[in-house]
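So the structure is just underneath, and the comments pick up after that.
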Amino acid sequence: MSRISVRGFAVASATAVTTVGAVVGVAAGSEPATAAAQPAADATTVLADIPAGQQVQQASLTEQVQAQSDAADATARKTAEEDARKAAAKTAAVRKQAADEAAAAKAKAAAAKKAASALAATVKSSYTTAEVQALAQSIIGDSSQYQCFTNIVKRESGWNYTATNASSGAYGLVQALPGSKMSSAGADWRTNPATQIKWGLNYMNSRYNSPCGAWSFWQANHWY
């Protein structure tokens with residue numbers, strides 16, 4: 001019967017245990033360590049793809065562009081409002097000037113008419129040509145119609161309110177035929193040029209629509 005050395009068995013067993021542990025350690029420890037390290041490397045790579053502060057910088061640039069756009073819009077709006085204000089002020093000034101000129105012309109015409117009325121109301125033994133013309137201008141009013149009236153009177157009577165046509169009997173500034181027709185405008189038709197002017201103006205308006213209509217007819221026929 002063989003004897004087994006206890007000491008030798010212990011050494012052999014320890015050796016076996018050590019060998020098995022090494023093998024087990026390689027099998028169970030090496031590969032998991034490598035696998036565990038891989039995700040960390042992958043995570044580091046993903047974070048590196050987005051540099052720190054890039055999103056903040058992009059947001060800052062966007063805000064700057066928006067601020068510049070808002071400032072440009074505000075400037076354009078302010079400029080448009082200022083241009084509109086200036087245009088409105090200019091238009092108002094032009095209208096005011098036109099209104100002032102119209103008012104001045106109206107006041108001047110009213111003053112002339114008042115003076116002419118006062119002159120017509122004054123009983124005079126005679127009137128100068130300038131006075132008769134002033135009466136006509138105040139009674140007719142419109143400058144273009146007055147000029148047409150003047151063209152006729154100058155050729156018919158030379159502004160002589162007592163002019164008499166020896167052959168026909170026509171009388172006065174507008175050479176009414178007969179002169180007594182002018183009595184419809186006033187009993188003083190023989191001596192008052194204002195009465196003659198009023199009758200002559202009414203005649204031209206009723207027959208030719210206006211003194212200028214009468215003047216057009218006169219130029220074609222040399223009578224009216």
Side-chain angles (χ1 to χ4, degrees), residues 85-224:
R85 185 190 65 77
K86 290 180 179 179
K90 184 176 181 180
T91 300
V94 171
R95 289 179 177 176
K96 184 177 184 303
Q97 182 179 358
D100 290 344
E101 291 176 354
K106 186 176 181 179
K108 184 177 180 181
K113 187 174 182 179
K114 184 177 181 180
S117 298
L119 179 63
T122 303
V123 178
K124 299 181 64 174
S125 59
S126 63
Y127 297 83
T128 66
T129 298
E131 289 175 335
V132 175
Q133 291 174 339
L135 282 170
Q137 190 168 14
S138 67
I139 292 171
I140 297 170
D142 185 84
S143 60
S144 61
Q145 296 299 328
Y146 167 73
Q147 186 58 53
C148 291
F149 186 89
T150 295
N151 293 337
I152 294 175
V153 172
K154 183 167 59 176
R155 289 164 175 78
E156 290 290 331
S157 64
W159 287 102
N160 180 2
Y161 62 96
T162 61
T164 303
N165 187 309
S167 60
S168 67
Y171 183 86
L173 293 171
V174 295
Q175 289 293 282
L177 181 63
S180 59
K181 285 183 177 181
M182 295 186 289
S183 63
S184 61
D188 56 352
W189 58 270
R190 291 183 180 84
T191 57
N192 192 339
T195 300
Q196 295 183 14
I197 293 167
K198 290 176 183 177
W199 183 89
L201 179 61
N202 182 66
Y203 171 78
M204 294 177 192
N205 285 336
S206 61
R207 190 175 180 89
Y208 302 103
N209 296 320
S210 68
C212 287
W215 170 234
S216 295
F217 184 90
W218 195 100
Q219 290 178 91
N221 301 278
H222 300 288
W223 61 273
Y224 74 107

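FYI, the numbering just counts along the sequence from 1.
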task = Give the ring-plane orientation class for Y224 versus Y208, where under 30° counts as parallel, over 60° as perpendicular and anything between as tilted.
result =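 Rings of Y224 and Y208: tilted, as their planes differ by 30° to 60°.
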Ring geometry between W218 and H222 (parallel below 30°, tilted from 30 to 60°, perpendicular above 60°) = perpendicular
From [X] atom [atom1] to [Y] atom [atom2], the distance as rounded to the nearest 0.5 Å:
{"X": "M204", "Y": "W215", "atom1": "CE", "atom2": "CH2", "value": "10.5 Å"}
{"X": "I152", "Y": "F217", "atom1": "CD1", "atom2": "CZ", "value": "10.5 Å"}
{"X": "K96", "Y": "E101", "atom1": "NZ", "atom2": "CD", "value": "10.5 Å"}
{"X": "N202", "Y": "I139", "atom1": "CG", "atom2": "CD1", "value": "12.0 Å"}
{"X": "K198", "Y": "L135", "atom1": "NZ", "atom2": "CG", "value": "9.0 Å"}
{"X": "S180", "Y": "W189", "atom1": "OG", "atom2": "CH2", "value": "5.5 Å"}

Heavy-atom donor-acceptor pair, [X] side chain to [Y] backbone, under 3.5 Å:
{"X": "Q145", "Y": "C212", "result": "yes"}
{"X": "S167", "Y": "N165", "result": "no"}
{"X": "D142", "Y": "S144", "result": "yes"}

task = Apply the test side-chain contact (heavy atoms from CB on, under 4.5 Å) to residues Y146 and Q133: give CA-CA distance (whole Å), side-chain angles for both, the deciding distance (0.1 Å), then the verdict.
result = CA-CA 9 Å; Y146 167 73; Q133 291 174 339; 3.5 Å; yes
ask   = Is there a donor-acceptor contact under 3.5 Å linking the side chains of Q147 and N151?
value =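 On atom types as modelled, these side chains qualify, holding a pair under 3.5 Å.
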Side-chain heavy-atom pair [X], [Y] within 4.5 angstrom cut-off:
{"X": "M182", "Y": "Y171", "value": "yes"}
{"X": "Y161", "Y": "S126", "value": "yes"}
{"X": "P193", "Y": "L173", "value": "yes"}
{"X": "K181", "Y": "L177", "value": "no"}

Which heavy atom of [X] sits nearest a heavy atom of [Y], and at what distance?
{"X": "L201", "Y": "P211", "result": "CD1-CG, 3.7 Å"}
{"X": "S157", "Y": "A163", "result": "CB-CB, 3.9 Å"}
{"X": "G200", "Y": "F149", "result": "C-CE1, 4.3 Å"}
{"X": "G172", "Y": "Q196", "result": "CA-OE1, 3.3 Å"}

task = Would you sort out whether W159 and T150 count as a side-chain contact (heavy atoms from CB on, under 4.5 Å), showing the intermediate values?
result = CA-CA 8 Å; W159 287 102; T150 295; 3.6 Å; yes
